[in-house]
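Worksheet: the structure to be examined is printed underneath.
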There are 2 protein chains.
Amino acid sequence: MAERISDAEHAVMEVLWEEAPLTAQDVAERVDPERGWSTNTVKTLLGRLLAKSAIAHEEQGRRYLYRPLVARDDYVMGESRRLIDRLFGGRLTPLVAHLAERDELTAQDISEIEALLKDLKA
Amino acid sequence: MAERISDAEHAVMEVLWEEAPLTAQDVAERVDPERGWSTNTVKTLLGRLLAKSAIAHEEQGRRYLYRPLVARDDYVMGESRRLIDRLFGGRLTPLVAHLAERDELTAQDISEIEALLKDLKA
DNA sequence: CCCTATTGACTACGTCTGTAATCGGAGTAG
DNA sequence: CTACTCCGATTACAGACGTAGTCAATAGGG
């Protein structure tokens with residue numbers, strides 16, 4: 001089931017997570033223009049996502065409406081875990097430490113996370 | 001330079017980050033046995049990493065000694081940023097929040113990170 | 001009813017990846 | 001000198017990916 005969503009496919013998923021159901025046409029129109037994809041490319045990606053059961057489609061007249069089957073949260077969680085496991089021995093602290101060391105954290109980030117953690121303990 | 005290191009290649013890099021320089025043979029012996037790679041496979045990966053300048057080799061008699069050119073920290077940072085940008089709009093807080101929501105944080109994690117952040121402000 | 005525009009399905013194709021066998025040259029044991 | 005061995009380099013090959021063209025069916029416009 002966890003058929004591993006590729007990068008290009010992910011771009012399509014983002015569209016459907018944002019709004020669904022949509023027709024292939026709609027999706028093509030909403031994909032990040034950065035990509036510069038042709039409609040056909042988007043259709044192929046939709047087809048592949050269907051094949052891996054990441055999305056589903058229901059007939060609507062002579063076209064299909066696509067909707068995500070995988071929740072964004074689940075995908076995001078999976079990817080995050082994969083990275084943390086692979087690079088930080090499965091622990092979040094080293095990641096935060098790493099970002100901190102490289103000055104990738106703003107004062108605001110720090111406050112936000114502190115507040116968040118405080119809440120967690122409550 | 002930033003030739004994007006693949007997953008299999010990454011496994012080889014981990015060995016060299018752990019200890020270097022090493023011969024191809026040494027690397028093959030130290031790669032995670034989980035992978036079950038033949039020596040040839042490791043050699044191919046070393047070749048590809050050379051091609052993308054992620055590692056370098058120096059002649060030592062009849063063989064080569066391989067050493068990393070890319071620092072682990074840089075690699076790790078790059079991958080982390082990529083994930084955070086792609087999935088969390090470039091901000092760390094949502095990632096932490098996400099992990100928290102899914103109960104992926106232990107009490108110890110929380111304390112550690114709090115301590116870390118406290119230090120940062122000092 | 002016939003032509004054209006639309007839509008999903010199928011096909012294409014070069015690149016990258018994972019995995020490995022093979023080839024050719026250089027020492028090494030006789 | 002000769003057969004063998006060790007090593008890096010070259011080649012192989014299937015499956016995933018990014019990207020897109022073509023085909024067949026269908027639904028409207030005349």
Side-chain angles (χ1 to χ4, degrees), chain A residues 1-16 20-67 70 75 78-79 82 86, chain B residues 1-16 20-67 70 75 78-79 82 86:
Chain A
M1 37 129 210
E3 275 268 11
R4 200 84 184 85
I5 292 169
S6 83
D7 194 67
E9 287 159 7
H10 171 236
V12 169
M13 290 303 287
E14 284 294 347
V15 173
L16 289 171
L22 292 176
T23 65
Q25 194 56 44
D26 289 336
V27 174
E29 276 161 22
R30 282 162 224 228
V31 175
D32 179 4
E34 279 296 304
R35 301 269 182 173
W37 281 336
S38 83
T39 304
N40 281 331
T41 299
V42 173
K43 284 185 186 172
T44 299
L45 292 172
L46 285 170
R48 288 182 184 168
L49 286 167
L50 273 176
K52 32 183 97 160
S53 302
I55 63 178
H57 61 359
E58 62 197 56
E59 218 153 345
Q60 183 233 27
R62 53 188 259 70
R63 53 176 86 184
Y64 285 123
L65 288 182
Y66 297 85
R67 70 173 66 257
V70 174
Y75 172 75
E79 292 296 300
R82 184 189 317 285
R86 211 161 56 92
Chain B
M1 47 162 170
E3 278 266 12
R4 201 86 179 86
I5 292 169
S6 82
D7 194 66
E9 288 158 6
H10 171 236
V12 169
M13 291 303 288
E14 284 294 349
V15 172
L16 288 171
L22 291 177
T23 65
Q25 194 55 47
D26 289 336
V27 174
E29 278 162 20
R30 284 162 222 229
V31 176
D32 180 4
E34 281 295 306
R35 300 270 183 173
W37 281 336
S38 83
T39 304
N40 281 331
T41 299
V42 173
K43 286 183 186 174
T44 299
L45 293 172
L46 285 170
R48 288 181 185 169
L49 286 167
L50 273 176
K52 34 183 97 160
S53 302
I55 63 178
H57 61 359
E58 64 197 54
E59 217 153 345
Q60 186 232 29
R62 235 4 64 216
R63 47 180 90 183
Y64 286 124
L65 288 183
Y66 297 85
R67 70 173 65 257
V70 174
Y75 173 74
E79 292 295 301
R82 184 187 319 284
R86 210 161 56 92

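Protein chains get the first letters and strands the later ones, always in sequence-line order, with residue 1 at the start of each.
One can find a donor-acceptor pair under 3.5 Å joining the base of dA20(C) and the side-chain atoms of T44(B). In the interface, the side chain of R48(A) is paired with the base of dT19(D) through a donor and an acceptor atom under 3.5 Å apart. A donor-acceptor contact under 3.5 Å links the side chain of R62(A) to the base of dT6(C).
The shortest non-hydrogen separation linking T23(A) to Y66(A) is C-CD1, 4.2 Å. Contact detail for K52(A) and E9(A): the closest heavy-atom pair is NZ-OE1, 2.8 Å. Across every non-hydrogen atom of R35(A) and A8(A), the tightest pair is NH1-CA, 4.0 Å.
With dA20(D), dG8(D), dG18(C) as the candidates, the nucleotide lying closest to the side chain of Y66(B) is dG8(D). With dG18(D), dA9(D), dG8(C) as the choices, the nucleotide that has an atom nearest any side-chain atom of R63(A) turns out to be dG8(C). Side-chain proximity of N40(B) to dC7(D), dC17(D), dA9(D): nearest is dA9(D). When distances run from any side-chain atom of K52(B) to the nucleotides dT17(C), dG18(D), dC17(D), the shortest one goes to dT17(C). Out of dC7(D), dG18(D), dG8(C), the shortest distance to the side chain of Y64(A) is found at dG8(C).
Atom P of nucleotide dG8(D) and atom CG of L22(B) are separated by 12 Å, given to the nearest angstrom. If you measure from atom CD of Q60(A) to atom C1' of dT7(C), you get 12 Å, rounded to the nearest angstrom. Between the CG atom of L46(A) and the P atom of dG8(C) there is a distance of 9 Å, given to the nearest Å. As a whole-Å value, the separation of D26(B) CG from dC7(D) C1' is 13 Å. Here the P atom of nucleotide dT19(C) and the CD atom of E9(B) are 12 Å apart, to the nearest Å. With rounding to whole Å, R35(B) atom CZ is found 14 Å from dT17(C) atom P. The NE2 atom of H57(B) sits 12 Å away from the C1' atom of dC7(D) (whole-angstrom rounding). Rounded to an integer number of Å, the gap from NZ of K43(A) to P of dC17(D) is 22 Å.
At a threshold of 4.0 angstrom between heavy atoms, the contacts of T41(B) include nucleobase atoms, whether or not backbone atoms are also involved.
To the nearest 0.5 Å, the span separating OG on S38(B) from NZ on K43(B) amounts to 9.0 Å.
Taking only side-chain nitrogens and oxygens, S6(B) comes nearer than 4.0 Å to OP1 or OP2 of dG18(C).
The shortest side-chain heavy-atom distance between D7(A) and R86(B) falls under the 4.5 Å cut-off.
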